[in-house]
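What follows is a short report on a single structure.
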Amino acid sequence: MARVALVTGGSRGIGAAIAKHLKAEGYSVAASFAGNEEAAAAFTEETGIPAYKWSVADYDECVEGIAKVEADLGPIEVLVNNAGITRDAPFHKMTREQWSEVMDTNLSGVFNMTHPLWNGMRERKFGRIINISSINGQKGQFAQANYSAAKAGDIGFTKALAQEGARAGITVNVICPGYVATDMVMAVPEKVRDSIIATIPVGRLGEPEDIARCVAFLASDDAGFVTGSTLTANGGQYMT
Ligand code: CAA
């Protein structure tokens with residue numbers, strides 16, 4: 001039986017590449033999305049991967065959404081916590097809403113998705129949790145006090161939970177992508193973006209598939225001894 005994988009924020013950008021890659025590797029894949037119905041419909045049409053609408057920022061919606069996916073596909077064995085948003089602003093201009101929206105989605109969202117799945121994975125003695133953090137959770141970023149804090153939180157969450165999952169056959173890892181050519185990065189003003197690319201040793205933005213391949217490895221049986229790790233994929237922009 002194909003393993004079931006759920007990718008949050010899986011209908012666009014890095015998430016869509018992950019979902020497609022896992023499907024190509026034989027997983028039975030579902031994607032969740034929060035808002036963009038048109039993109040989700042086009043994604044499902046193109047890939048045949050079902051997309052379910054709910055907000056990872058809402059615990060009850062996660063419980064309901066997960067139940068629907070499991071009723072359709074079976075128990076979720078691989079969870080990719082990819083959904084994320086930016087609300088960039090220099091701190092002196094950052095509002096409480098900008099802070100909370102980013103924390104609710106990028107950090108609490110990871111709790112909200114992982115918590116309802118945890119006991120099932122423990123009982124079945126198998127699970128793969130793969131959290132998508134960011135280079136900016138490692139190094140910080142001007143105008144991203146909210147995003148950098150949440151993404152750094154994802155790294156700490158991963159390391160704590162990896163210790164709890166280890167004896168139950170559950171691995172928990174985090175990937176820190178650098179700047180990848182997605183809508184999120186393309187929304188950065190061009191001049192700023194060019195100055196960022198100039199600091200990437202490989203001389204280009206990442207491709208979503210660069211990250212999808214990392215996820216596929218961490219999800220695989222080959223990665224059973226890899227847990228609590230932070231996999232950095234940023235073209236050499238920041239080395240930890
Ligand atoms: N370091 C130091 N100073 C900086 C700076 C930096 N990196 N970036 C901007 N500044 C300065 C500007 O030069 C400007 O200074 P002056 O006032 O002296 O001219 C000031 O900060 C910004 O002032 P503005 O009033 O123009 O700022 P704003 O309210 O319009 O905000 C911004 C602009 C949000 C900072 C915009 O420049 C921006 O979006 N920057 C990019 C932030 C970024 O990299 N976000 C990452 C998004 S991608 C992502 O998050 C995915 C991932 O995981 C990698």
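In this text the structure is predicted, and so the values were computed from the model without any measurement. Both ligands and their constituent atoms are indexed starting at 1 by order of listing.
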Item to check | Heavy-atom pair of closest approach, residues K151 and S133 | outcome: O-OG, 2.9 Å

Are there any N/O pairs under 3.5 Å between ligand 1 and the protein, and if so, what are their distances?
from: ligand 1; atom 1: 25 (O); to: K93; atom 2: NZ; distance (Å): 2.7
from: ligand 1; atom 1: 29 (O); to: K93; atom 2: NZ; distance (Å): 2.8
from: ligand 1; atom 1: 44 (O); to: Q141; atom 2: NE2; distance (Å): 3.3
from: ligand 1; atom 1: 44 (O); to: Y179; atom 2: OH; distance (Å): 3.1
from: ligand 1; atom 1: 45 (N); to: D88; atom 2: OD2; distance (Å): 2.8
from: ligand 1; atom 1: 50 (O); to: Q144; atom 2: NE2; distance (Å): 2.9
from: ligand 1; atom 1: 53 (O); to: S134; atom 2: OG; distance (Å): 2.7
from: ligand 1; atom 1: 53 (O); to: Y147; atom 2: OH; distance (Å): 2.6

Next on the checklist: If the condition is side chain to side chain donor-acceptor pair (under 3.5 Å), which residues does K23 pass it with, not counting sequence neighbours?
Outcome noted: none

Checklist entry - With distance as the sole test, does N146 use its side chain to make a donor-acceptor pair with the main-chain N or O of V102 at under 3.5 Å? => result no

Checklist entry - Can you name the residues that form a side chain to side chain donor-acceptor pair (under 3.5 Å) with N119, not counting sequence neighbours? => result none

Checklist entry - Stepwise, does the side-chain hydrogen bond (donor to acceptor under 3.5 Å, both in side chains) test hold for S148 with N136? => result CA-CA 5 Å; S148 299; N136 293 342; 5.6 Å; no

Next on the checklist: Clusters formed by hydrophobic residues whose side-chain heavy atoms approach within less than 4.5 Å: which one holds I155, and what are its other members?
Outcome noted: V174

